[in-house]
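The structure under discussion appears below in the form of structure tokens.
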Protein chains: 2
Amino acid sequence: MKSIEIKDAALKYFTIHGYEGASLSQIAEEVGLKKQSIYAHFKGKDDLFLQVLRDAKEMDLSATLQYFSNIDSKNPEKALYGYLQLIIDLFQKDEQLKFWLRMSFFPPAHLEKGIEQEVIDIEEKERTILEEKFQDWINTKLIIGDKALTPTYAYLGVVDSILLELVYGNDEKQLNAKLAASWEVFWRGISYQ
Amino acid sequence: MKSIEIKDAALKYFTIHGYEGASLSQIAEEVGLKKQSIYAHFKGKDDLFLQVLRDAKEMDLSATLQYFSNIDSKNPEKALYGYLQLIIDLFQKDEQLKFWLRMSFFPPAHLEKGIEQEVIDIEEKERTILEEKFQDWINTKLIIGDKALTPTYAYLGVVDSILLELVYGNDEKQLNAKLAASWEVFWRGISYQ
DNA sequence: CTCCATTTAACGAACGTTCGTAAGTTATTT
DNA sequence: AAATAACTTACGAACGTTCGTTAAATGGAG
């Protein structure tokens, strides 16, 4: 299917060059087409971009949902650390997560409002999932604390810092060192000792 | 001085629209000039961009250096939390930090190599400052641990997560909640209890 | 008169988009 | 089964606009 090929190429160029820096002729050339042919599949650049964005968002959200529906609820340490590794895997396996990150932080100005809404939407969903898990673990005395929001936000902070290191991504050794350090301190910060 | 005005306007548009999305005519219009007049002050778009970048980098680095040369070395809790607040202040006071962040994560492709070098440079300098402080605090039993690298990386992770929240910046309430949560867990993770 | 910032004018190149058209595929009618 | 219609996909050509950049003319300050 050609429209999937186009979206793949668009994902690649939007991720590398941003919305304004990516051109339809580059994208078309990548799949062996002229730029005019893109208009047989998409209404225009904005339409192509938004479809790529929604695919990326859906992929990100479904990966998170699936992971946390299959975890061992008696082992928060394994569950939480495993999610960090999942993110690293996802990030390195395909471009969608990097694209999503770039566009949620620095959206094209004329689409900012719509994108912001999607970002808030996914963020709240993922936060809710985490908050429920943390509440369970607090209730069952597997981690310390009273309200679940504190470890939730702190954990999301660790996730963000790992994502940032991935985006920045100059060195795998440094990534692993940062992951180990953040995890060690975080886990000590929320576990009984 | 007109070239400073131009750099200020360039900073603004580069931050909002990125390198490719910002145009010289917009920047010139902001300071009441025609775009061709920019060439009396800068060699071209790249030159203007790189000068703005170096100004931003210098500002970021000098703020960090100055802060950590004036801290109370007997009180890591205050010093570390104060730096997080300094970052929030800096971020909200002027655009340079946001510009620096955007360009260090998503540099214009054709300048990537040079920018990456600058980012590695500043990152190493800031990490070294922190590492020395943490080593002192470990030696004087003000925080736990053996090697200073672990709390250094973990703290840099907290810094990153706060920066991300600032970039993303939809809500001051949420920013404060995330800051409080990350700090609480981090501090518990590195302090004696 | 000189210098320098700024202007007007113009450049080639690239941008996203639209149009008409041709070919190929699928569906409907004879 | 053959003929017709409708739809999809792709392309050449061109649209108007904007881009970064260069060159030459203008104007004012020292």
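Here the structure is a predicted model, which is why all the values come from computation and not from measurement. Here is how names work: the chains are called A, B, and so on, in the same order as the sequence lines, proteins then strands, and each is numbered from 1.
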Quick one: does NZ or CZ of B/K45 land under 6.0 Å from the six-membered ring centre of B/Y19, within 45 degrees of the ring axis?
->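 Output yes; distance and angle both within limits.
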Salt bridge present between A/E30 and A/K12 (N-O < 4.0 angstrom) =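 Between A/K12 and A/E30 there is a salt bridge, with a charged N closer than 4.0 Å to a carboxylate O.
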Carboxylate-amine/guanidinium contact B/D55 B/K7, below 4.0 Å |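 Yes.
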For C/dT6, does either OP1 or OP2 sit under 4.0 Å from a side-chain N or O belonging to B/H41?
-> yes
Whole-Å distance separating the CE atom of B/M1 from the P atom of C/dA5 |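 Atom-to-atom, B/M1 to C/dA5, this comes out as 8 Å.
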Rounded to the nearest angstrom, tell me the gap between atom NE2 in B/H17 and atom C1' in D/dC19.
->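 My rounded result for the distance is 15 Å.
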Nucleotide N/O of nucleotides 27-30 of chain D paired with protein N/O under 3.5 Å:
none

What class does the angle between the rings of B/W137 and B/F134 fall in, given that below 30° is parallel, 30 to 60° is tilted and above 60° is perpendicular?
->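 Plane angle over 60°, so perpendicular.
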B/Y83 vs B/F68 aromatic rings, parallel, tilted or perpendicular, using cut-offs 30° and 60°?
->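 Rings of B/Y83 and B/F68: tilted, 30 to 60°.
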Take atom CD in A/Q85; do more than 12 heavy atoms of anything else shown fall under 6.0 Å from it?
->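 Check passes, neighbour count above 12.
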Should we say atom CD of A/E58 is surrounded by more than 12 heavy atoms from elsewhere, each under 6.0 Å from it?
-> no
Going 5' to 3' through nucleotides 7-20 of chain C, assign each nucleotide B (protein heavy atom under 4.0 Å from a base atom), S (under 4.0 Å only from sugar-phosphate atoms) or - (no protein heavy atom that close).
-> BBBB----SBBB--
Mind checking whether B/K133 and B/Y155 have side chains closer than 4.5 Å, heavy atoms only?
-> no
